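To keep things clear, I will list the structure first and then write my remarks on it.
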Amino acid sequence: MTSEEMPKAYDPRETEPRWYELWEREGLFRASDAPDDDRPTYTIAIPPPNVTGSLHMGHACRTTFEDVLIRHKRMQGRNTLWIPGTDHAGIATQVVVERQLKREGLSRHDLGREKFVERVWKWKEESGGTILRQLRKMGASCDWSRERFTMDPGLSRAVREVFVRLYEEGLIYRATRLINWCVDCRTALSDLEVESEENVEGELFDFAYPVAEGEGEGEVVVSTTRPETMLGDTAVAVHPDDERYTHLHGKFVQHPFLPRRIPVITDAELVDPEFGTGVVKVTPAHDPNDFATGKRHDLDEINILNLDGTLNAEAGPFQGMERFKARRAVKEALEAKGLARGSKKHLMTLPRCQRCNTIVEPIISTQWFVKMEPLAKPAIEVVERGEVQIIPEEWTKTYFHWMRNIQDWCISRQLWWGHPIPAWYCERHGHVNVGREAPTRCGECDETQFRQDEDVLDTWFSSALWPFSTLGWPEQTIDLSRFYPTDDMETGYDILFFWVARMIVMGLKFMGDVPFRRVLLAGLVTDERGEKMSKVKGNVVDPLDVIGGATIDELLAKAEKSGAQRSGLDYLEKTYPEGFAAYGADGLRMTLLSYSPQSRRIALSIKRIEGYRNFVNKLWNASRYALMNLDGAEARATGEPPAAPRELANRWILSRLGHALSAADQGLEDYRLDDASQALYHFVWGELCDWYLELSKPLLASDDEAVVRETRATLVHVLETTLRALHPMMPFITEEIWQRVPKHDASPKSIMVARWPEAEREGRADEEAERDMAVLQAAIGAARTIRAEHDLPRKKEIPLVLRAADGARAVLEREQAAIRFLVRASVEYDGNVDAEIPPRTAVSVAEGVTVLVPLAGLVDLDKERDRLERELKKVDKDLTGVEKKLGNASFVDRAPPEVVDKERARLESLRAEKTQLEAALAKL
RNA sequence: GGGCGGGUAGCUCAGCGGUAGAGCGUCGGUCUUACAAACCGAAUGUCGCAGGUUCGACCCCUGUCCCGCCCACCA
């Protein structure tokens with residue numbers, strides 16, 4: 001009933017959505033909150049993607065990883081919870097909706113704040129769920145009934161609660177400081193949101209400040225990379241010990257464009273007398289060093305910039321100019337006044353806005369900050385004590401370095417979309433009132449009228465609470481007590497500081513416990529050249545295209561629409577001329593799992609995806625074969641291997657199954673899903689398909705009913721167990737096949753909730769079978785080599801003579817049928833290992849077995865000579881190595897005896913091989 | 001300026017103290033009754049360079065050269 005319905009090639013497009021719907025409908029993803037459920041839990045909080053987002057390879061990679069962990073633990077019987085959700089993503093979302101408005105010819109200011117925010121909500125309801133739908137296509141088994149959004153009422157409440165408590169403890173404060181300002185986003189940014197572009201070719205421009213009238217003669221020459229900032233200069237500084245300028249101490253220079261005399265100050269901290277002229281212009285309002293200097297000397301802080309990056313009234317004649325225009329204008333004006341003193345090339349670092357790439361301006365502004373140092377301390381300690389384990393471990397150093405040098409966190413943003421800051425200012429005095437609700441009466445005066453702070457919080461502020469806010473905090477819910485702390489947090493290393501560190505901080509502060517036990521940091525997915533995927537470069541590989549397939553025209557059209565450059569489109573066309581086939585979610589998942597998590601870069605290759613798609617198909621066909629042979633038979637999968645199998649192939653595959661399961665377990669335990677998936681991949685393809693299924697053919701055709709029965713029982717057991725072991729990695733195809741496998745009546749309705757297989761239970765270690773099988777494989781391999789090298793057509797049966805010492809010979813005699821079938825040969829045995837080799841005979845040696853094929857004049861003797869010489873050369877090389885090793889007295893004395901014994905045994909077998917090969921060569 | 005990671009087969013990478021591995025690619029052969037998205041076979045490496053430790057080093061140590069990334073206020 002089953003195998004006939006299975007087409008030769010597996011098509012994931014039909015299968016995958018069908019099973020996902022069933023799983024979801026049956027509620028199999030749901031974690032239990034039943035009060036009497038005392039199973040151990042396992043929890044992962046998803047790194048919430050931006051609501052604006054759509055699935056990219058980074059998400060696909062993490063989703064796969066997390067889903068494997070969750071499915072594995074679920075099969076082990078844990079009460080598993082994978083909390084899904086999205087992040088409101090402040091700027092990103094606001095920009096999307098603003099862009100939409102622009103198409104209607106409107107700006108957010110036309111709507112006003114309230115209407116605008118309403119509009120964003122509307123947009124969020126309509127199109128915000130895209131990415132979560134896409135996660136389903138990957139097979140993500142999230143508990144959708146617990147989906148959260150960082151601006152849900154519950155989570156917003158958590159945000160206010162945290163803000164208020166931190167404020168009350170003095171850990172949140174409002175201050176006027178030099179902050180990073182993005183003139184394009186028109187908001188303050190935290191230090192982390194500023195990316196520095198290194199080694200930019202810039203210009204160091206020199207100009208002179210004339211000494212002010214009545215202060216003496218001459219001038220001082222200063223250098224700057226930002227000439228326009230001189231409009232905000234309120235001092236020039238020299239080193240106190242620099243004798244060149246002693247005469248100017250306490251004097252003034254004259255600002256060339258503004259009615260301002262500027263003091264000459266001495267400052268040993270700011271000024272390096274060796275650098276340039278040894279004079280530094282000081283702009284406290286627009287440079288961090290100068291700001292600090294200004295504080296030390298109580299200098300005026302003159303802000304010259306408007307929030308949009310144009311110059312304000314302080315700039316005098318330059319007022320209203322855009323900042324870079326002003327830069328040129330100031331230089332020209334200095335030229336005109338004869339004050340320019342030349343310029344030179346200068347390599348510098350440019351601060352840019354992480355989001356829009358605009359050059360960031362340091363400006364003085366009043367913002368809200370979190371005092372980080374006291375909060376960071378316990379967060380450092382839990383990692384030191386291993387209560388939170390960071391994997392791969394080398395990231396702990398990075399974590400410590402950042403946490404130990406932590407700066408206060410600027411959390412206010414001048415946006416409209418986000419969590420409003422729960423601070424109100426009384427109308428009369430502007431007294432600050434922070435609270436969970438709007439105040440009715442000022443805490444410091446009697447005022448009852450307030451205006452709320454207009455800023456919103458950094459989007460990472462609410463993300464930092466994610467592991468407990470999603471579970472209902474500050475309410476004491478069952479979920480919170482049951483699922484916090486979560487177990488594993490898997491995310492990209494690029495947000496180690498943005499997110500991971502802050503979750504640890506907030507978790508410890510408000511839950512008194514770590515938010516998760518392990519942090520798994522994944523690398524960045526790049527294109528096959530190792531270049532970062534970007535829309536402009538046109539090298540973005542969309543997981544959905546990989547899953548469902550896309551023609552090159554579709555890919556090109558999409559890339560072009562999202563703004564790819566010509567070169568990007570060319571690359572795309574050249575690299576994927578055929579587009580993508582529908583590789584399916586299972587194939588993609590398996591591919592993503594195969595990359596080492598140690599690596600910082602995952603250079604995704606379509607060829608590799610194709611390889612794993614082929615693996616999926618291989619599994620399909622292997623199952624097809626198995627099911628064909630089980631059709632109508634009484635064999636059922638029971639979860640137990642057949643008792644006392646006698647056939648070598650059956651014993652061997654059960655033993656190998658055990659090994660594969662152990663290796664998979666080990667990989668999962670170590671979070672080396674690459675090892676786990678490789679172990680199963682090689683078991684399925686290299687052992688199950690390449691050897692066992694082939695060997696099962698003669699067994700299933702046997703006249704001996706007992707042999708057939710035993711083989712069917714083994715086949716169904718190995719297949720069913722393998723499917724369960726592969727299920728976390730390839731959920732769809734394993735379900736599709738598993739449903740067709742004959743099982744006993746009590747088996748669960750889905751493989752998702754079937755029992756995770758264990759090496760000791762489902763496998764059956766059998767060293768003898770493994771040894772015997774190695775002999776058989778060697779003999780078959782050697783015979784095949786001869787066949788291939790001599791172009792002996794497959795149809796022609798060849799006469800084989802197998803020579804081996806007693807033990808090995810007995811194995812080969814017992815397995816005669818297998819050899820006949822796999823090599824298509826007649827077989828004779830010869831126990832006399834040292835006997836003469838007949839003339840004109842092809843010889844190959846391996847594992848103590850000598851395979852002889854009389855060539856009977858049919859074949860090219862030169863070819864055989866070449867081959868033998870090649871084999872001999874290899875043996876000789878190995879032999880030289882072993883002889884040298886054993887000839888070394890220190891090795892024999894000092895190496896562990898088992899190593900020496902192993903080498904001796906090897907020496908023996910290599911010598912025997914050499915003798916055989918030489919004899920063969922001589923007889924040719 | 002500090003820190004981290006990497007340099008292994010043509011390509012992408014795994015391995016990490018006891019005989020150099022995988023996938024893809026290459027070459028030769030096969031429509032063998034699960035699979036041509038397959039099968040069988042073959043070739044391919046002074047494991048960046050130089051020292052050192054060790055009976056033994058791709059693996060550990062030191063130095064060095066390249067290539068990435070992160071952090072940092074040098075005008």
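Protein chains get the first letters and strands the later ones, always in sequence-line order, with residue 1 at the start of each. Remember, predicted model here, so these are calculated numbers, not experimental data.
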Q: Answer with base, sugar-phosphate or nothing: what part of the nucleic acid does A:R870 contact at a heavy-atom distance below 4.0 Å?
A: sugar-phosphate
Q. If pairing requires Watson-Crick or G-U wobble contacts with both distances under 3.5 Å, which nucleotide is the partner of B:C31?
A. none
**Q.** Atom-to-atom span, CD of A:E195 to P of B:C69 - whole angstrom
**A.** 12 Å
Q: Considering only atom P, compute the distance from B:C16 to B:A22 and round it to an integer number of Å.
A: 16 Å
Q: Quickly work out the A:Y583 OH to B:C24 P distance and round it to whole Å.
A: 13 Å
Q: For the pair A:R787 (side chain) and A:V823 (backbone), establish whether a donor and an acceptor sit closer than 3.5 Å, ignoring hydrogens and angles.
A: yes
Q: Kindly say if A:K618 contacts the phosphate of B:C39, meaning a side-chain N or O under 4.0 Å from OP1 or OP2.
A: yes
**Q.** Closest to side chain of A:N617, choosing from B:G23, B:A37, B:C55
**A.** B:A37
Q.
Under 3.5 Å, is there any donor-acceptor pair linking the side chain of A:E694 to the base of B:A34?
A. yes
Q | B:G23: pairing nucleotide in any strand, Watson-Crick or G-U under 3.5 angstrom | A | B:C11
Q.
Students often get this wrong, so: under 4.0 angstrom with heavy atoms, is A:R787 touching a base, only sugar-phosphate, or nothing?
A. nothing
Q) Quantified in whole Å, what is the P atom distance between nucleotide B:G18 and nucleotide B:U12? A) 27 Å
Q. Are A:W685 and A:Y681 near enough that their ring centres are under 6.0 Å apart?
A. yes
Q. So does A:K697 get a side-chain nitrogen or oxygen closer than 4.0 Å to the phosphate oxygens (OP1/OP2) of B:A34?
A. yes
Q. With respect to the side chain of A:R794, which nucleotide from B:C40, B:C4, B:C74 is positioned closest?
A. B:C40
Q: For a side-chain contact (heavy atoms from CB on, under 4.5 Å) with A:S596, tell me which candidate from A:L673, A:I602, A:D674 qualifies.
A: A:D674
Q) Looking only at side-chain N and O atoms, does A:R784 come under 4.0 Å of OP1 or OP2 in B:G41? A) yes
Q: Kindly point out which of B:G18, B:G41, B:C35 is positioned nearest to the side chain of A:E903?
A: B:G18
Q. With a non-hydrogen cut-off below 4.0 angstrom, is A:P793 in contact with a base, only sugar-phosphate, or nothing?
A. nothing
Q.
Over all strands shown, is A:D690 touching base, sugar-phosphate only, or nothing at heavy-atom distances under 4.0 angstrom?
A. sugar-phosphate
Q: Indicate the atoms forming the closest heavy-atom contact of A:V851 with A:A782, along with that distance.
A: CG2-CB, 3.6 Å
Q. Just how far, in rounded Å, is C1' of B:G17 from CZ of A:F891?
A. 12 Å
Q. Taking any strand in view, what nucleotide pairs with B:C59 in a Watson-Crick or G-U wobble way, both distances under 3.5 Å?
A. none
**Q.** Residue A:A788, side-chain atoms from C-beta onward, closest of B:G28, B:C24, B:C55
**A.** B:G28
Q) What integer number of Å spans the P atoms of B:G48 and B:G15? A) 15 Å
Q. What heavy-atom pair brings A:C410 and A:I179 nearest, and what distance separates the two atoms?
A. SG-CG2, 4.5 Å
Q: Look at all strands and tell whether A:L693 reaches a base, only sugar-phosphate, or nothing, counting heavy atoms closer than 4.0 Å.
A: base
Q) Side chain of A:A622: nearest nucleotide among B:U19, B:A34, B:C4? A) B:A34
Q. What nucleotide among B:A37, B:G25, B:A34 has an atom nearest to a side-chain atom of A:R613?
A. B:A37
Q: Just call it for A:S623: base, sugar-phosphate, or nothing, with non-hydrogen atoms closer than 4.0 Å on any strand.
A: nothing
Q: Check whether any side-chain N or O of A:R672 sits under 4.0 Å from OP1 or OP2 of B:G15, and answer yes or no.
A: yes
Q: Please check the phosphate of B:C39 (OP1 and OP2 only) for any side-chain N or O of A:W685 closer than 4.0 Å.
A: yes
Q: Check every atom of B:A22, B:C35, B:U12 against the side chain of A:A603 and return the nucleotide holding the closest atom.
A: B:U12
Q. Between A:N621 and B:A37, does any side-chain N or O lie under 4.0 Å from OP1 or OP2?
A. no
**Q.** Per A:D272 side chain, nearest of listed nucleotides B:C4, B:A38, B:C74
**A.** B:C74
Q: Considering just the side-chain nitrogens and oxygens of A:T785, establish if one lies under 4.0 Å of OP1 or OP2 belonging to B:A42.
A: yes
Q.
For the C1' atoms, the ones on B:G52 and on B:C67, what distance do you get once it is rounded to whole angstrom?
A. 26 Å
Q: May I ask you to evaluate whether A:K397 reaches the phosphate of B:C4, defined as a side-chain N or O under 4.0 Å from OP1 or OP2?
A: yes
Q) Just by distance, with hydrogens left out, do A:K331 and A:S343 show a side-chain donor and acceptor under 3.5 Å apart? A) no
Q) Can A:D267 and A:H297 be counted as having a side-chain donor-acceptor contact under 3.5 angstrom? A) yes
(Q) Base, sugar-phosphate or nothing for A:Y10? Non-hydrogen atoms, less than 4.0 Å. (A) base
Q: Determine the contact category for A:L524: base if any of its heavy atoms lies under 4.0 Å from a base atom, sugar-phosphate if only primed atoms, P, OP1 or OP2 are that close, otherwise nothing.
A: nothing
Q: Please measure how far the C1' atom in B:U64 lies from the corresponding atom in B:G6, and state the result in whole Å.
A: 16 Å
Q: Looking at every strand, decide which applies to A:E531 at a 4.0 Å heavy-atom threshold: base, sugar-phosphate, or nothing.
A: nothing
Q. How is A:D893 classified with respect to the nucleic acid when contacts are heavy atoms under 4.0 Å: base, sugar-phosphate, or nothing?
A. nothing
Q: Select base, sugar-phosphate, or nothing to describe what A:S596 touches, counting heavy atoms under 4.0 Å on all strands.
A: sugar-phosphate
Q. B:C55, B:A34, B:C69: which one has an atom nearest the side-chain heavy atoms of A:A895?
A. B:C55
**Q.** Closest to the A:R894 side chain, choosing from B:C55, B:A72, B:C13
**A.** B:C55
Q: Consider only side-chain N and O atoms of A:E531 and A:Y571, and report whether a donor and an acceptor are under 3.5 Å apart.
A: no
Q. Distance check: side-chain N/O of A:R608 vs OP1/OP2 of B:G23, anything under 4.0 Å?
A. no
**Q.** Assigned partner base of B:C4, Watson-Crick or wobble definition, under 3.5 Å
**A.** B:G68
